[in-house]
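Written below as structure tokens is the structure these notes are about.
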Amino acid sequence: MGPTTTNPGAPEMMNREDMLARLDERTDPWDIVVVGGGATGVGVALDAAARGYDVALFESHDFGKGTSSRSTKLVHGGVRYLRQGNIPLVMEALRERGILRRNAPHLVHELPFVVPNYDWWEAPFYGIGLKVYDALAGRYGFGGSELLGFDETVERLPTIERDGLRGGVVYHDGQFDDARLLVHLAMTAAQQGAVLLNHAPVEGLIHDGGGFVRGVEVRDLETDEPRAIRARSVVNATGVFTDSVRRMDRADASPMIRPSQGIHIVLDRRFHPGESAIMVPHTDDGRVLFAVPWHGKVLVGTTDTPVDTPDIEPRPLREEVEYVLRHAARYLEEDPGVDDVLSAFAGLRPLVGAGDDEDTAALSRDHTLQVSRSGLVTITGGKRTTYRKMAEDTVDHAAVLAELEPRECTTRDLQIHGAHAHSERFGHLSVYGTDALLIEGLAEEVPDGDLPLDAALPYIEAEVRWAIREEMARTVEDVLSRRTRALLLDARAAIRAAPRVGEILADELGRDGAWAAGSVQEFEALASGYLVA
Ligand SMILES: Cc1cc2nc3c(=O)[nH]c(=O)nc-3n(C[C@H](O)[C@H](O)[C@H](O)COP(=O)(O)OP(=O)(O)OC[C@H]3O[C@@H](n4cnc5c(N)ncnc54)[C@H](O)[C@@H]3O)c2cc1C
């Protein structure tokens, strides 16, 4: 069966062939070209397209392959920054949290977090701190914090370690699915007119005679075809790979990014069956630890390990897994062991460590925006929660550099693809928001559409076809790691599901069995790194 349209007569939402055709049709330079398809880059593409600028984005692997699919999945003001006294940063993040919940209600949910107290001073200390957090949120508040007695704490956290427990403090923050939000941001950008291409690394920058950046050299990995793309302004949004693009601009650019690895392990819900998350603000070595209910499992993390050279597929270190397990055991009744880890994944924080002698404008302590002498705009640091503000600041700068007609940012009130205030009615398809109905329709229309991918996974085959037809999934990994979250939820189940996903991909994309086998093999090799036992 060849590709068909899910909704007869309706245009496909994101289609790679259409994107390539639009790229090739263009004779004028693009207003803005974005390098990097994580939250920062896709946010910039969306902001620019929504202002009516012509924008193209290139992602070397898949949208969200980098840090943007490997976070703790929290939309938060950052209780940690409050402890550091960084009030403006917390207020900005709390405001962005509120804006994101309003614009993507199908993906951002309020979640109660309980700080369990074992020492006498913890209740007043965290109680007062969290009241300040509530106050800073103002009209963007998610619900007031409260002190909890022993019984109330145990009611919310049924498997919390009771030995020495005095009570707790509950506060409210946001939770989301990071890769799903990214795909919906990309779809929103596409609907606003942006061209976005995955599996297309930028390999070089094009400079004019005066040394100004005037475009990028990009390769389509599916055909191995290079393209020269001209642009009035180029934005570098490559996260921990920021310095590699800065070196394309200037070979001797000094390093700006100090990557720091954070890992999470995923456990069965029996370890923490409550509806609230556990937040430990200060482990013995001063880190923050979360245990968060997510898609029917529990996500526990994270760590902070300096890394010299960034890798696109970082692996959790043995000692990081042991650290998280040790601390989980301290706060949970049943001690999880290595055999209980369903999946372990690592992400790299793009921390800004050092600049060079160029004009560095730190718009806040959280994100850094730099304009090089050649006009290359680099945006980095920050977090998922503040991506919209980062994009606004970036496009403001890029538009001036490119001498574009000044236009106001509109994303503050722009709904994100799929927005639906009550998408919980769609059950396991709720993260798709308004697309859920189309996927339900597809499940009836295609053979085996409603068959589960694997007994241990909450996904059906129609979701795979949807991901390929409408969301530009091109490989087994794209489907199992980011369009669905199978790899993160249960790596063994994802490996079991891979051959069937390969068959569906080959069917939808018109590829042969050998291609499918190659994509499955690549995925199996990658997924083995998510198994720790
Ligand atoms: C462990 C951990 C937990 C976190 N938890 C949270 C959280 O709960 N809440 C929160 O708000 N934030 C959180 N963050 C921070 C947040 O995830 C990151 O700040 C954010 O995802 C960074 O996005 P980015 O787009 O800048 O980078 P990335 O997502 O890494 O995107 C950069 C992209 O550029 C691409 N690229 C690189 N080179 C090229 C090239 N030459 N050509 C084309 N493309 C290229 C890469 O493939 C990559 O996809 C967490 C971070 C970590 C590490």
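For ligands, and for the atoms within them, numbers begin at 1 and follow the listed sequence. Since this is a predicted model, take the numbers as computed values, not measurements.
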Could you check whether the rings of Phe113 and Phe290 sit parallel, tilted or perpendicular, using 30° and 60° as the cut-offs?
-> perpendicular
Is a donor on one side and an acceptor on the other found under 3.5 Å between the side chain of Glu59 and the backbone of Asn198?
-> no
With rounding to the nearest 0.5 Å, note down the distance linking CG in Leu488 to CZ in Arg482.
-> 10.0 Å
Between Val240 and Asp311, is any pair of side-chain heavy atoms under 4.5 Å apart?
-> no
Write out the protein residues near ligand 1, meaning a non-hydrogen atom under 4.0 Å from one of its atoms, in order of chain and number.
-> Val35, Gly36, Gly37, Gly38, Ala39, Thr40, Phe58, Glu59, Ser60, His61, Gly66, Thr67, Ser68, Arg70, Ser71, Thr72, Lys73, Leu74, His76, Pro201, Val202, Ala237, Thr238, Gly239, Phe241, Gly262, His264, Thr302, Ile312, Gly347, Leu348, Arg349, Gly382, Lys383, Arg384, Thr385
Does some side-chain heavy atom of Leu376 sit less than 4.5 Å from a side-chain heavy atom of Val371?
-> no
Residues in side-chain contact (heavy atoms from CB on, under 4.5 Å) contact with Arg214, at least two apart in sequence or another chain | Asp208, Phe212
